[in-house]
Amino acid sequence: MSLSDVAGLVRSSSSFLVTSHVDLDGDAVGSELGLALALEGMGKKVAVVNEDRLPSRYEFLPGLHLLLEPSEAMSDVEVAFVLDCTSMSRIGSVEKILANGGFPIVNMDHHESNARFGSINLVRPDACAAAVLVLELISELGEAVSPDVATCLYTAVLAETGSFRLSNTSREALTVSADLVQKGADPAAIAAQVFGRKAPAAVRLVGEALRSLEVSHNGDVTLLCLARNQVESSGISGDQLEGVVNFAMAVEDARVAVFLRELSDGVIKVSLRSDGTVDVDLIARGFGGGGHSNAAGARVPGTLTDVKGRILGSIAEVLDR
Ligand code: 5GP
C-alpha cells in the first residue's frame, strides 16, 4: 500500500482518530496536530487522542481544540492514524481503542525498528521526522499547507533534529523546514516556545540533573540521572525534561550520553544519545525499547542503581567490541 492508497482512504472516509506514542515528544505532537488540522481543513471529523497529557512546552501549538481524552474518543472512527510510533504497545492505553475498533490503522513512522503493525504501513527510516511523512500525505491529497499546519510540522522537525544538530539533520530536513517557513512557520517564535518559557523550578531541576554528571569509560560515556523524589519535590512534570540528555552529549569526547529518570511507578526512563559511532537503538532494544541509531530510549523496571549498572554494562560491551 502506498501514499496514494492512504490518500484514497482519507478522501473516502469522514471520521479520523490520530494518535502517537507515550512520552509525547515534539515530533509526535507536531505530526499529530499538523495532520489533524489538515484533515479538519478538508471538512473531516478528527480527534487527537493520547495516553499522555500534552507537554506544556507544546501548549502554544495550534489545533489543541482537537485533543480528546481516551475516555472521550468518539465511537464513529473510520480510520486511525498512528504517527511516529514503533509498535502498538507503545501507544499505551489508546491501544485498546484501536484493537477493538475494527477500523483500518495507518501506521506512519520513520523508525527503522517499526513493527509494521498497521493495516497500511508507511515507514521511511531515512525521513528526519514523522512530520515529513505527514507533509507528503498532505501534498498527495493536493491540499495547501496552512500557516497553522506549517507551525506544527516545523515544530516536529525542530524537536526531532535536536534543533538541527543531530545526524538526522539531512538536506531534506532543511529543505522541508525552509518550505514550512515559507508557508507560515516562524522559527524564532517556535524555538522560543519550545526551548524557552521554562518555570524557574524546571531550570533548577535541570541544574540538579547536571550536577549528577558522571563520566566513565575514559570519557566515552556520560550519564545524568534524577531520582523520583527530586522530580516530585520540584513539582515539575517529567515532560519538561525533554532534551536534558543533550547536555550529557555536550561533554567533550562523549560518544554515548545517558539520562536516567525514575518514574513514579519505579520504572526508569532511559534516554540514550550517540555521536554517531555507537548504535544506541541496538542498546535500547536490548532493554525492550528502541529509537534511532543516534537517539533511543527505553522504560526499564528496577531501581536507579540497578538500571544504571545494567545500561553502563551494556554500553561498555558495545564499546569494548
Ligand atoms: P527520548 O530519549 O527523547 O525519549 O527518545 C529518543 C528516541 O527513542 C525517540 O525516537 C523515541 O521515540 C525513542 N524511544 C524512547 N523511548 C522508547 C521506548 O521505550 N521504546 C521505543 N520503541 N522507542 C523509544
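As the structure lists them, so they are numbered: ligands from 1, and atoms in each ligand from 1. These numbers come from a predicted model, not from an experiment.
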query: Where is the nearest protein heavy atom to atom 12 (O) of ligand 1: which residue, which atom, and how far?
result: Arg90 NH2, 3.0 Å
task: Would you check if the side chain of Ser274 reaches a backbone N or O of Gly276 as a donor-acceptor pair within less than 3.5 Å?
output: yes
Worked check of side-chain contact (heavy atoms from CB on, under 4.5 Å) between Leu98 and Val77: CA-CA 10 Å; Leu98 269 53; Val77 176; over 6 Å; no
statement: A student checking ligand 1 against Ala298 at a 4.0 Å heavy-atom cut-off should list atoms 16 (N), 17 (C), 18 (C), 19 (O)
message: Keeping Glu51 on the side-chain end and Ser93 on the backbone end, is there a donor-acceptor pair under 3.5 Å?
response: yes
message: Within the structure, is a non-hydrogen atom of Thr86 found at a distance of less than 4.0 Å from ligand 1?
response: yes
- prompt: In ligand 1, which numbered atoms sit nearer than 4.0 Å to a non-hydrogen atom of Gly291?
  reply: 8 (O), 13 (C), 23 (N)
- request: Give the single entry among Gly289, Ser271, Cys85, Gly162 that approaches atom 2 (O) of ligand 1 most closely by any heavy atom.
  value: Ser271
task: List in chain and number order the residues that pass ring-ring contact (aromatic ring centres under 6.0 Å, His included) with His292, two or more places apart in sequence or in another chain; answer none if no residue qualifies.
output: His110, His111
- prompt: So, does Lys269 sit close enough to ligand 1 that a heavy atom of it is under 4.0 Å from the ligand?
  reply: yes
- prompt: Rest of the hydrophobic cluster containing Leu312 (Ile/Leu/Val/Met/Phe/Trp/Tyr, side-chain heavy atoms under 4.5 Å)?
  reply: Val221, Leu223, Val256, Val258, Leu260, Ile268, Val270, Leu272, Val278, Val280, Ile283, Phe287, Val300, Leu304, Val307, Ile311, Ile315, Val318, Leu319
query: Does any N/O atom on Asp84 come nearer than 3.5 Å to any N/O atom on ligand 1?
result: no
task: Start with the C-alpha distance between Ile91 and His21, add both sets of side-chain angles, then the distance that settles side-chain contact (heavy atoms from CB on, under 4.5 Å), and finish with yes or no.
output: CA-CA 4 Å; Ile91 305 170; His21 55 79; over 6 Å; no
task: Identify the two heavy atoms, one from Leu153 and one from Ile138, that lie closest to each other, and give their separation to 0.1 Å.
output: CD1-CD1, 4.3 Å
message: Using modelled atom types and a 3.5 Å cut-off, is there a donor and acceptor pairing between side-chain atoms of Thr175 and backbone atoms of Arg171?
response: yes
- prompt: Counting N and O atoms only, with roles assigned by atom type, does the side chain of Lys44 sit under 3.5 Å from a partner on the main chain of Val10, one being a donor and the other an acceptor?
  reply: yes
Numbered atoms of ligand 1 (with element) below 4.0 Å of His292, judged on heavy atoms: 10 (O)
Heteroatom distance test (Arg273, ligand 1): nitrogen or oxygen, under 3.5 angstrom: yes
message: Checking a contact table here: which protein heavy atom is nearest atom 7 (C) of ligand 1, and how many Å away?
response: Ala295 O, 3.5 Å
- request: Would you check whether Gly290 has a nitrogen or oxygen atom less than 3.5 angstrom from a nitrogen or oxygen atom of ligand 1?
  value: yes
task: Starting from atom 16 (N) of ligand 1, locate the nearest protein heavy atom and write down its residue, its atom name and how far away it is, to 0.1 Å.
output: Gly297 C, 3.2 Å
statement: Out of His110, Arg285, Arg299, His111, the nearest non-hydrogen contact to atom 10 (O) of ligand 1 is supplied by His111
query: For ligand 1, which part of Glu242 has a heavy atom less than 4.0 Å away: the side chain, the backbone, both, or neither?
result: neither
